[in-house]
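Here is the structure we will look at, set down as structure tokens.
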Amino acid sequence: MADGLYLYNMVNKVRVRFAPSPTGGLHLGGVRTVLFNYLFAKKHGGDFIVRVEDTDQSRFVEGAEDYIFKCLHWCGLTPDESVLHGGEYAPYRQSERKEMYRQYGEQLVKEGHAYYAFDTTDDLDAMREKLKASGSSSLQYDQNIRMQMNNSLRLLPDETQALLAKGTPYVIRIKINANEVIPFTDMIRGDIEFDSNNVDDKVLLKADGMPTYHLAVVVDDYLMKISHAFRGEEWLPSAPVHILLWKHLFGLHAMPQWAHLPLILKPDGNGKLSKRDGDRLGFPVYAMDWQDPATKESTKGFKEIGFLPEAFINLLVVLGWNDGTEQEIFSLDELIEKFSIEKVHKGGAKFDFEKAKWYNHEWIQKLDVSNYEDRVKVIFESKGVLITDAVYFTKVLNLVKGRCTLLPDFYTQGCFFFQPPASIDVADIKAKWNEPKNLFFVELIRTYQLTNSWEHTELEKEFKEIAAVNQLKPGELMGPLRIMLVGGKFGPGVFEIAAMIGKEETINRIENALSLLQ
RNA sequence: GCCGCGUUGGUCAAGGGGUUAAGACGCCUCCCUUUCACGGAGGAAUCACGGGUUCGAAUCCCGUACGUGGUACCA
């Protein structure tokens, strides 16, 4: 795609928006849309606006709006303007802008680009049944059918006025002209053309006085001076309606540049990734834990299962974008520098949870533990391990971080530094246990009690000396020692563990295990 | 059904007329490690299909198939 494509709109400040509906948890795809918006804005020194699209009162969910802002905050994607952050184009909640939309709807009617429609739900159902029965290829309310319907196009002006005066419920529909080509340029997909004969007369203003998405998005993008509009691919089919609305209302020259983002697909099959797929396959789909206030059903989030925000952002951005090099790990600052909308793919990408975890593992290694030790501490304390020595805690985290993929792994990999193992795999030791080994450990305890240097190299040296004297292979003894100290075959070097937990604790654990072996 | 969009290993993908068709995740083998990981070295595995255009096509064109999105007074 040519670099100059979207440049003409760069004369004005870049302003982008994320426009969520407060209807539930924030989906991966939603966060990625935010991310692409945010990166584009920041790269070009622009503003990132969050506008709440709550025009469908029947789908409104209490708490969802607040939750969305919490997710954005966790991801580090802070809006410049929003319901929460204020801004000169307030209000940023569409329900509070309700009155603004009607005048544009009326204007369109006055200018002949829209009309009043009085059809009831039953009328519409009947129309579709009729069309289906007649074998029509389209079931839409469009130019072919509108003159048979109950609207101001077919009715006499007097009849329309009478209905209006009576307070008959009505909607405003856009009037799509026949035989028109509606072209537009998408920043990702290039030139696209729609035939107006395939576009239906969409409802613009609902009977309850609220705008539909189609009217609201155009009016608000204009009023909020949006320069570039990114949204999911599912919006592509309704783009012609928006283009026409821009043409009639504000002029095409003022229209933002569009980019329709590819979808995030389920790992198996090809459909759009849904919350259900996550439940079924065992991974989260929402950014953070979400509980539906009505059903009380709760859903796990990436944050809560132990993802770092840096990793979450990283794994999302590469789902449909990369900078053309081999680089895979990007910080937010690097992304702002390197992101380009033209490099976003056209096709959808299947979500791969294994790779997602790999990103988190990489970020755990890359970041200093100070970035996440507070969160890890909460995990330890939730399991009943109180952290009293912060320095010791940090040391442990550094020792085990290499083997951690998700934050809770720090607990499984490090809990034995704070308390004796909950269970010891005695059976594993017993399999090859004999009296000489028993005597070795008795002697090891005696030696360790007398040693004055409690340092891992020294402990290892003494351990091997005793083994040599007793003509035993150290390798056959280190396994048992590890199990005595940590409970199983995992964790860092045994002597490092012994050095960390200290003389008294080491000896206690060996003695305890020996008694279990009797 | 109609309309739109898409299609490089199992997955994410680079590549846009001439390449041994990068790299990553996952998988397998080996090395390192007397644990588990990390790390290192290898390996298996890909251009949806059919026609063109061309000296030459994963790359350009046309079909087909498949997938997916839309087809609401939902966004």
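Proteins come first, then strands; the chains are lettered A, B, ... in the order of their sequence lines, and each starts at number 1.
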- Item | NZ/NE/NH1/NH2 to OD/OE distance under 4.0 Å, Glu65(A) and Arg93(A) | yes
Assign [X] to base, sugar-phosphate, or nothing according to its heavy-atom contacts below 4.0 angstrom with the strands shown.
| X | value |
| --- | --- |
| Thr55(A) | sugar-phosphate |
| Ala349(A) | sugar-phosphate |
| Arg231(A) | nothing |
| Lys272(A) | sugar-phosphate |
| Val171(A) | base |
| Asp119(A) | base |
| Leu477(A) | nothing |

Does a side-chain N or O from [X] land closer than 4.0 Å to OP1 or OP2 of [N], or not?
| X | N | answer |
| --- | --- | --- |
| His345(A) | rA14(B) | yes |
| Arg482(A) | rC36(B) | no |
| Lys350(A) | rU11(B) | yes |
| Lys343(A) | rG15(B) | yes |
| Arg403(A) | rU35(B) | no |
| Lys206(A) | rA75(B) | yes |

- Note on the structure: Nearest heavy-atom contact between Ala216(A) and Gln94(A) is CB-NE2, 3.4 Å
- Side chain of Asn322(A) (C-beta onward), nearest among rA13(B), rC38(B), rU35(B): rA13(B)
- Check step by step if salt bridge (Lys or Arg N to Asp or Glu O under 4.0 Å) holds for Lys202(A) and Asp200(A). CA-CA 6 Å; Lys202(A) 285 261 180 286; Asp200(A) 62 331; 2.8 Å; yes
What's the gap between [N] and [M] when it is taken at their [atom1] atoms, as a whole Å value?
| N | M | atom1 | value |
| --- | --- | --- | --- |
| rA24(B) | rC38(B) | P | 15 Å |
| rC25(B) | rU46(B) | C1' | 16 Å |
| rU59(B) | rC74(B) | P | 45 Å |
| rU34(B) | rA44(B) | C1' | 31 Å |

- Item | Complementary nucleotide for rG42(B) - Watson-Crick or wobble, under 3.5 Å | rC28(B)
- Message: Over 60° means perpendicular and under 30° means parallel, so tell me whether Trp258(A) and His260(A) are parallel, tilted or perpendicular.
- Response: parallel
- How do Thr121(A) and Cys404(A) order along RNA chain B: which one's closest nucleotide is nearer the 5' end? Cys404(A)
